[in-house]
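In what follows, a structure is listed as structure tokens, so that the remarks can point back to it.
On a predicted model such as this, the values are computed, not experimentally measured, just so you know.
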Amino acid sequence: MPNPTKFNYDAEALYATLLEQVSCGLAGAHDVAIVGIHSGGAWLADRLASELGLTARLGFIDVSFYRDDFAQKGLHAAVKPSQIGFVVDGATILLVDDVLYTGRTTRAAINELFDYGRPAKIMLAALVDRGGRELPIAADFVAATVRLDAGQGLVLQRADDGQFTLTIENDHA
């Protein structure tokens, strides 16, 4: 019998939709770089950069120190160093995250990006928008919009072969 606390989406189909949107949306953009938010956004950004030929302009950020709830939550064991190895000033940055929810992670990521320089433009790509925004932030590119019940969350995983799975899980799962 299936586990009633989990539901899987076709993450590969969602990724293909996101790739198509981003590819069309970045056509003609100047000085493009891709920055993924650890961890799910970093996985997506890595694959997008590879497929769009932008691996030399790929960066990763961990927003743990920039979150407005840092004092309450503290650091988790999976904190990773940010890696931006290109000039941010004047660049068009594609900021990538797996799930857009309250907007607080995106706000923190933008704050961190400005520590590296002043981009000409920041565009946001998310695999899934789950609503529930607390800040006025919207994605430029999003593969799907879903509504979840209270106590549910979306979890993106990446297999060793790079394939994605996306699961809705109940907090008590």
Find the distance between CG (L95) and CG (D140) and round it off to the nearest 0.5 Å.
10.0 Å
With a 4.5 Å cut-off on side-chain heavy atoms, are L156 and L44 touching?
yes
Cation over ring, R47 on Y15, under 6.0 Å and within 45°?
yes
For a 4.5 angstrom cut-off between non-hydrogen side-chain atoms, does T102 reach L135?
no
Donor-acceptor under 3.5 Å (T92 side chain, H30 main chain):
yes
Quick check: do V96 and F60 have side-chain heavy atoms less than 4.5 Å from each other?
no
For G131 and Y101, which heavy atoms make the closest approach, and how far apart are they?
O-CD1, 3.0 Å
Please round to the nearest 0.5 Å and tell me the distance separating atom CG of L166 and atom CG of D98.
8.0 Å
Under the 6.0 Å and 45° cation-pi test, does R158 pair with F164?
no
Closest non-hydrogen atom pair between A45 and L58, with its separation
O-CD1, 3.7 Å
Strictly distance-based, threshold 3.5 Å: is any side-chain N or O of Q152 a donor or acceptor partner for the main-chain N or O of D149?
yes
Side-chain touch V88/I84, heavy atoms, less than 4.5 angstrom:
yes
Does either side chain, that of D115 or that of Y66, offer a donor lying less than 3.5 Å from an acceptor on the other one?
yes
What I'd like to find out is whether the side chain of P81 reaches to under 4.5 Å of the side chain of D62, using heavy atoms alone.
no
Check the pair F141, L124 against side-chain contact (heavy atoms from CB on, under 4.5 Å), reporting the backbone distance first and the verdict last.
CA-CA 6 Å; F141 313 106; L124 178 62; over 6 Å; no
Gap separating the OG1 atom of T145 from the CZ atom of R130, nearest 0.5 angstrom
12.5 Å
When you check the side-chain N and O atoms of Q157 and T167, is any donor under 3.5 Å from an acceptor?
no
R133 side chain vs I137 backbone, donor-acceptor pair below 3.5 Å:
yes
Might you confirm whether atom CZ of R147 has over 12 heavy atoms from other residues, nucleotides or ligands at distances under 6.0 Å?
yes
Inter-residue atom distance L127.CG - L154.CG, 0.5 Å rounding:
9.0 Å
In one Ile/Leu/Val/Met/Phe/Trp/Tyr side-chain cluster, 4.5 Å: V35, V142
no
My understanding is that only residues two or more places apart in sequence, or in another chain, count here; which of them pass salt bridge (Lys or Arg N to Asp or Glu O under 4.0 Å) with D31?
R57
